[in-house]
Each structure stands twice: as structure tokens, then as C-alpha cells.
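Just so you know, ligand 1 is whichever comes first in the structure, and atom 1 is the first atom listed for that ligand.
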Amino acid sequence: MVFKWLDERLELREFKDHFLSKTFPAHPTFLLGEIALFSFITLVVTGVFLGFLYEPSSKMVALFGAMVPAAYASVVRIDLLPMGMIIRRIHHWSAMIMIAAILAHLMRVYFTASYRKPRELNWLVGLGLWTITMGGAFTGYLLPYSKFSVTATSIAYYIAKSVPWIGGWISRLLFAGTFPSDGTVPRFFFIHVMLIPIALIGLIGLHMLILVKQKHTEPISNKSKKEADGGRRLIGIPIWPEQAAISVSFYFFLLFVVVLIATYIPLNPIETYGPPSPGTPVMRPDWYFLIVYGFLKLIPGDLSFSILGGKITPETIGGVIFPTFTIAVLALIPFLDRVKEPQNYMANPLHRPFMTSFGVGGGIFLGMLVVAGYIDVLHIAPQRMLVYTIVASIGAWGISYALLRLYNKKRKGGG
Ligand code: HEM
């Protein structure tokens with residue numbers, strides 16, 4: 001009845017026949033992109049709840065007889081509300097899960113060569129999504145305005161300031177002046193709740209549109225099925241209602257897992273950290289920022305030089321050059337690993353010794369940087385940790401390359 005009414009006005013049937021009858025190839029690893037997408041939905045819903053109660057200001061107010069920043073006081077009050085603390089934890093856990101899912105999804109696309117022609121553009125859109133999601137996590141850090149928030153954000157402030165030539169301008173734009181100042185919290189709040197969600201919604205939409213237009217890569221097992229089936233374009237599940245039913249059920253399952261984790265595992269307990277105060281102890285950022293944090297730990301503190309009037313400091317190398325270089329290398333991959341014919345099937349990672357071993361070595365390198373974020377508690381000297389990091393990553397690359405070459409030689413030789 002409602003559908004008929006709407007169809008007469010909006011020609012919904014055309015959309016239903018054209019779009020919803022499309023087929024989606026089934027493979028468990030395709031759920032990784034969905035986990036990222038679903039976590040984003042949970043972030044928006046819980047974020048709207050938090051947005052009604054949060055006060056974006058660092059002005060001092062009274063809370064239980066003590067003077068604390070208004071942002072901090074509002075988050076303490078949220079924690080005291082019925083369901084308040086759990087919703088805040090669900091928000092933070094969803095951010096963690098979204099970033100973990102993005103990384104796993106990126107690895108799936110990389111190892112199966114699904115970035116190859118014609119999907120180069122969607123790979124680049126994906127890299128944009130990853131970068132902006134990290135921006136969302138970073139701006140979210142400051143908002144509770146606890147001791148931890150201020151320490152973590154001040155690291156980023158010095159990184160922003162260290163950009164040669166334009167560092168002062170970037171830091172003023174992002175932090176609304178020097179940090180900490182009264183302008184910073186409202187500026188971060190605006191970026192966190194407006195700019196980043198709008199950019200993510202736009203880019204996720206583009207990512208999905210390109211995906212629908214280009215069609216998904218298929219599991220290689222579909223090839224023989226398709227040949228037997230007269231070469232149909234895609235073998236899989238229709239988007240409506242089968243895939244939709246699976247996705248909605250999967251969303252609720254994911255939500256159940258997140259609620260369970262959030263119930264039992266506290267995150268960012270700001271009451272324990274307390275409001276900002278002088279002499280804050282060393283605090284480690286969340287795991288996904290440990291890559292940059294660990295890299296900064298490995299660079300000698302006195303490594304600075306000038307180039308064309310701009311100063312390069314350890315912060316510039318670890319916080320600006322290294323992340324930019326990593327993203328640039330990833331962006332170039334589809335253009336270096338090119339194929340003439342479109343890549344319609346997921347490649348077998350075992351059949352790609354160079355790219356797979358490069359991915360393994362790169363993954364170990366990033367993993368070692370996370371470990372480097374803990375060198376103070378592990379009591380390892382930075383120079384020694386640097387040697388371990390280089391040896392482990394080059395070793396992993398070399399060993400996996402040699403083994404994969406051997407495997408492929410035997411496979412091709414029919415042995
Ligand atoms: C907010 C972050 C992201 C979301 C919500 C998202 C979502 C999705 C979804 C739902 C799919 C279809 C299912 C699947 O293949 O897993 C997909 C496919 C794809 N994504 Fe993402 N993605 C994100 C980030 C990324 C990143 C970081 C990359 C790589 C740099 C990437 C590259 C691709 C490519 C190339 C495809 C097509 C894969 C194929 O046809 O096999 N995405 N994405």
C-alpha cells in the first residue's frame with residue numbers, strides 16, 4: 001500500500017528492478033567492509049545522543065566542589081546518567097572496531113589484488129576514508145578534555161606546528177590558535193561532528209556507487225561455476241531481500257558484540273585520568289596511533305636540519321613525512337601492479353610472491369612500530385628497537401618471498 005503510493009510518485013519499481021535485483025557475490029571476507037560501514041552507523045547514532053549532552057567548552061565550571069573544564073564536567077555527567085557511560089563506551093569501541101575493520105578490509109583488498117583495474121579509483125577513495133576516519137578518532141580524543149586528552153592532543157599540536165613553511169598556519173587552523181586555548185575545543189567539536197561525518201558519508205556513498213557500477217570481484221571458485229552456467233556476469237546473492245536480510249542480521253549481531261564488550265571492558269575512564277593538570281604522566285594513545293607514536297620514539301631526538309628555509313624536526317619526520325609516505329606508497333600500488341584485462345576475480349595471495357611478501361614485511365614493520373610505542377615499559381633502547389624493527393620486517397619479507405617462490409615453482413612444475 002505505502003510502496004504503491006510512493007511508487008506512483010517516485011517510480012520506485014524502476015529503482016527496485018534496476019538496483020535491488022543486482023547480485024552480490026558472497027564471501028566471508030566481504031563482511032569486513034560491512035563491519036566498517038555498520039560501525040560508522042553506530043557511531044553516528046551514539047554520537048547524536050552524546051551531542052545533546054556534551055558541552056564544547058574548556059571554560060572552568062564547578063563540579064562536585066572543584067573547578068574543572070566544562071567539557072570534562074559534561075562528560076562526567078554523561079557517565080552518571082542511566083545508560084550514559086555504556087553509550088559513551090559503545091561510541092569509543094565502535095571507533096576502534098571501525099578502524100580495525102578498515103585495516104583488515106584494506107588488507108583483504110590488497111592481498112587479493114582487488115585494487116587492480118578497474119578498481120584503482122575505489123582504492124584511492126578507500127584510502128581517503130581511512131585517513132578521514134583517523135581524523136575522526138583524533139578529534140574525538142580531545143573532546144572529554146581530560147588529562148589524557150590534553151596530553152595526546154599536544155603531541156599532535158607539535159606535529160602540526162612542525163610542518164615546514166606552513167606549520168604555523170595549519171596549527172592555527174586546526175587548533176584555533178595556540179594549544180591549549182579556549183578556541184580549541186569548539187574547533188575540534190565542529191570538525192568531529194560536522195566536517196568529518198559529512199566527508200565520510202559523501203565518500204562512503206561514492207565508494208558504494210563505484211562498487212555497484214564496477215561490480216564486486218568474485219571468489220575464484222565462481223569461475224568454473226560461471227563457465228558451466230553459460231557465463232553469467234555475477235554469481236551470488238540478490239541484494240533484495242536476501243543480502244539485505246543477511247546484512248541487517250549481521251548488523252544486530254555486531255551491535256550485540258559491541259554492547260557486550262562495552263559492558264565489560266571500560267574505555268577512556270576520564271574520572272580516573274582527571275581534568276588537565278601540570279605534570280601529566282606519560283600516556284600512550286590508542287593502538288592505531290601507536291604506529292606514529294612508536295615511530296617518533298625510534299627517531300633520535302636531536303635529528304633536525306633545514307631545507308629551503310624550512311626546519312625538519314623529529315616531529316616532522318615521524319608525524320608528517322612517515323604517514324604521508326606510507327599513504328603515498330599505498331596510493332601508488334594499483335598503478336605499479338597493473339594488469340591489461342580487468343581483474344574480475346580475487347587473486348590467490350599465495351600465487352603473488354612479491355606483493356604478498358611485501359605486504360607481510362610491511363605489516364610486520366607497522367606491528368613493530370606499535371611495539372616500539374611501549375619501549376619505556378619494555379626497557380629497550382631506541383637504537384636496539386630500531387634494529388629489531390628493521391631485521392624483523394626485512395626478515396619476514398625475505399622469508400615469505402623465498403617460501404612463496406618455492407611454492408609457486410613446485411605448483412607450476414606440477415610437483
Ligand atoms: C570507512 C571505510 C570503508 C568502508 C565503510 C568500506 C566499505 C566497503 C564495502 C561494504 C565494500 C564491499 C564489500 C567488501 O569488499 O568488503 C567495499 C569494497 C571495496 N573497498 Fe572499501 N570500505 C572502506 C575503506 C576502504 C579502504 C581503506 C580501501 C583501500 C584502501 C577500500 C577499498 C575497496 C575496494 C577496492 C573495494 C572493491 C573490492 C572488490 O571489488 O573486491 N575500502 N568497501
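- Nearest non-hydrogen protein atom to atom 27 (C) of ligand 1 is Gly126 O, 3.0 Å.
- Remark: aromatic rings of Tyr401 and Phe358 are distant, center separation not under 6.0 Å.
- Summary: NE2 is the N/O/S atom of His207 found nearest to atom 21 (Fe) of ligand 1.
- Not a single N or O atom of Trp123, backbone or side chain, sits closer than 3.5 Å to an N or O atom of ligand 1.
- Between the side chains of Ser154 and Thr151, no donor-acceptor pair is found at a separation under 3.5 Å.
- In this structure, OH in Tyr141 is found 9.0 Å from OG1 in Thr153, a value given to the nearest 0.5 Å.
- Taking each heavy atom of Trp287 and Val370 in turn, the nearest pair found is O-CG2, 4.3 Å.
- When all heavy atoms of Thr316 and Pro164 are compared, the closest pair comes out as CG2-CD, 3.6 Å.
- Regarding atom 3 (C) of ligand 1, its nearest protein heavy-atom neighbour is Leu129 CD1, 3.7 Å.
- Contacts of Leu211 with ligand 1, taken as heavy-atom pairs under 4.0 Å, involve the side chain alone.
- Thr112 OG1 to Tyr110 OH: the interatomic distance, rounded to the nearest 0.5 Å, is 11.0 Å.
- For Tyr293 and Phe289, the ring centers are positioned 6.0 Å apart or more.
- Looking only at protein heavy atoms, the nearest one to atom 18 (C) of ligand 1 is His105 CE1, 3.5 Å.
- Residue Met98 approaches ligand 1 through these ligand atoms, each under 4.0 Å from one of its heavy atoms: 1 (C).
- Looking only at side-chain heavy atoms (C-beta outward), Asp337 and Arg352 come within less than 4.5 Å of each other.
- Atom 4 (C) of ligand 1 has its closest protein heavy atom at Ala36 CB, 4.0 Å.
- The ligand atoms of ligand 1 that sit less than 4.0 angstrom from a heavy atom of Leu37 are 5 (C).
- Residue Trp130 has no N or O atom closer than 3.5 Å to an N or O atom of ligand 1.
- Screening Thr184, Ile270, Val75, Val150 against Tyr145 for a side chain to side chain contact (heavy atoms under 4.5 Å, CB included) leaves a single residue, Val150.
- Listed by atom number, the atoms of ligand 1 under 4.0 Å from Val109 heavy atoms are 33 (C), 34 (C), 35 (C).
- When only interatomic distances are considered, the shortest N/O to N/O separation between Thr133 and ligand 1 does not fall below 3.5 Å.
- Within the listing of ligand 1, atoms 1 (C), 2 (C), 27 (C) sit less than 4.0 angstrom from a heavy atom of Ile102.
- Nearest-heavy-atom check against atom 11 (C) of ligand 1 across Met346, Met208, Glu34, Gln214 picks out Met208.
- Atom 14 (C) of ligand 1 has its closest protein heavy atom at His216 NE2, 3.4 Å.
- Listed by number with element, the atoms of ligand 1 under 4.0 angstrom from any heavy atom of Leu127 are 30 (C).
- Of the heavy atoms in Arg108, only side-chain atoms (C-beta onward) come closer than 4.0 Å to ligand 1.
- In Thr217, the parts holding a heavy atom less than 4.0 Å from any atom of ligand 1 are both the side chain and the backbone.
- Side chains of Ser39 and Thr42: a donor-acceptor N/O pair is absent below 3.5 angstrom, by distance only.
- A donor atom on one side chain and an acceptor atom on the other are not found under 3.5 Å apart for Asn408 and His351.
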